[in-house]
Amino acid sequence: MDGWRNRDEAVEVRTKAPDLGLSFEACLLERDPEPCTIVIVGASGDLTSRKLLPALYDLFLRGALPDPFLIVGCARTEMRDEDFRERTKEALSGRAGLDLSRWPHFASSLHYRPVKYDEPSSFMKLAADLRELSQKFQVNGNRIFYLAIPPALYGTTAELLGKSGLSAGQDFGEGWARIVVEKPFGRDLDSAIQLDRSLHEFFKEDQIFRIDHYLAKETVQNILMFRFANAIFEPVWNRNYIDHVSITAAESLGVEHRAGYYEQSGVLRDMFQNHMMQLLALVAMEPPSIFEAERVRDEKAKVYRALRPFPVERLQDYLVLGQYGAGKVQGRPVPGYRQEPGVSPDSLTPTFAMMKILLDNWRWQGVPFFLSSGKRLGEKRTEIVIHFKEVPHSMFRRTLDEEIQANRLILGIYPEEKISLTFQTKNPGARVCLRSVTMDFHYHQNYRGPVLDAYEKVLLDCMLGDQMLFWRQDGVELCWSFLTPILEECETCGFRAQMLLPYESGSWGPEAVRNLSGEMPGQR
Ligand code: BG6
């Protein structure tokens, strides 16, 4: 294939990254993906038009898609290839600065086949069509099945794909076959195990890609590089120097048009069972001996094994739940959660949670991790803050009227992709005064090359067969083992309504979180 060099971005791509001395293409692709067909099951849905097709088009423009490649959309809707191409173009055209100069080439790789999700014959027909397309376009029979459908359909779809021979791949002399599923992976431990059984009936573990789009964020991936490629942080990254860690994923958006899903999941299933747990693992895990998918996933699983179970009779000491009421976000009045379309007027679904997590291992014994996430908070902000311990003795106590602030390291994920370290310095002047200053690194500083969006990264990794950024089933089950008793207690206890604290939209959550962590999530 042409590779990066001959494609349109070559000028930008060839520029040297000033600080690293590496060419950008060296940082973008480790190897070229093999020719393949990406089959999007659920191609008429929102995820496909908002995320998947734009990500595939961007990868194409960057020259990162294999050559040849095919995209086959499948859904219940009857459509011709031309209609699917037209819809895709519409989905792309809302984007600013869109380059359509190479659209005809991309469009020629788009195909559409209607399927009925409960009809084996429909999948047999799909299998025959895919074989024919593979031969015609010489894509070696390599296939990725991306399930962009409601999770309730994952099991049956995997089964029908399997029964029509589409999961077999290399075992039958065809190319490889991979299946991609998005969270939620079940709604508790039992359903997660059940889902996994259905997937494993026809797909092996190394064929299953369980997506967590947080892991594909550049700054999230950077956490491991920061921790393990610098000698100065690791020696202080433990209970001897760290007082506590806050991990915050605050959103200003409300439930939007997703009430049907959100009413059933709430913040704990929507954000904690997946994204928050991954962030926790990246901060807390031990260094693997080698940067390789299985070794990294082993170390994450060890963190989940060390999660101290919550004493359910003292849930309030570890968990604060909230639900947003009406308020103002960025100056705009917004309704409360119960007034949102599709939400029950007496809903008890939490839209905010703060959890105090303890890890029972040598490194982290006694260090609380405060995980918080919520909708309709003051602003969208995702960050990890490492709060170091205070100095053991303040020799300035006689001359200073204020306390010396402990050092803080902020790993900013959104909106500022940055790392900043605060420390104390002497304020200039005759008097002994301290001031807190910050040393900042902005992630895109000195970098002018292309940045992959999270969906581009996961699609590329699926094509490359790299599982590093995907959940492994043991991790999924360990997290559910931790969360399921908490969810059961929250959802069945007699004081469910009292546990759910109201907070005003635009605030930083219920005031009661101060009793848990001493500070509000957005506060520094
Ligand atoms: C999704 C959740 O997984 O992550 C959403 O279902 C949430 O409720 C979203 O809004 C947040 O992702 P990001 O990338 O915007 O922080």
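Both ligands and their constituent atoms are indexed starting at 1 by order of listing.
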Which residue holds the protein heavy atom closest to [atom], what is that atom called, and what is the gap in Å?
{"atom": "atom 12 (O) of ligand 1", "result": "His213 NE2, 3.2 Å"}
{"atom": "atom 5 (C) of ligand 1", "result": "Arg258 NH1, 3.4 Å"}
{"atom": "atom 15 (O) of ligand 1", "result": "Lys380 NZ, 3.0 Å"}
{"atom": "atom 8 (O) of ligand 1", "result": "Asp270 OD2, 2.6 Å"}
{"atom": "atom 1 (C) of ligand 1", "result": "His275 NE2, 3.6 Å"}
{"atom": "atom 14 (O) of ligand 1", "result": "Lys217 NZ, 2.6 Å"}
{"atom": "atom 10 (O) of ligand 1", "result": "Glu251 OE1, 2.5 Å"}

* Taking the non-hydrogen atoms of Tyr214, is any one of them nearer than 4.0 angstrom to ligand 1? -> yes

* Would you please say whether a donor-acceptor pair under 3.5 Å links the side chains of Asp440 and Thr438? => no

* Flag Thr382 as yes when one of its N or O atoms lies below 3.5 Å from any N or O atom of ligand 1, and as no otherwise. => no

* Would you say Lys183 and ligand 1 have an N/O pair spaced under 3.5 Å apart? -> yes

* **Lys380 atom NZ, neighbour heavy-atom count above 12 within 6.0 Å** => yes

* Asked: With Phe369, which of Trp364, Tyr318, Phe272 fulfils ring-ring contact (aromatic ring centres under 6.0 Å, His included)?
  -> Trp364

* To do: Heavy atoms only: give me the nearest Tyr503-Lys375 pair and the separation to one decimal.
  => OH-O, 2.7 Å

* To do: Assess Lys183 against Phe185: is NZ or CZ under 6.0 Å from the centre of the six-membered ring, and within 45 degrees of the ring's axis?
  => no

* Ring geometry between Phe69 and Phe106 (parallel below 30°, tilted from 30 to 60°, perpendicular above 60°) -> tilted

* Asked: Between Phe84 and Tyr112, how do the two ring planes meet: parallel, tilted or perpendicular, split at 30° and 60°?
  -> tilted

* **Enumerated ligand 1 atoms positioned under 4.0 Å from heavy atoms of Lys375** => 5 (C), 7 (C), 8 (O), 10 (O)

* To do: With Met355 as reference, evaluate Leu516, Leu319, Leu280 under the side chain to side chain contact (heavy atoms under 4.5 Å, CB included) test and give the passing residue.
  => Leu319

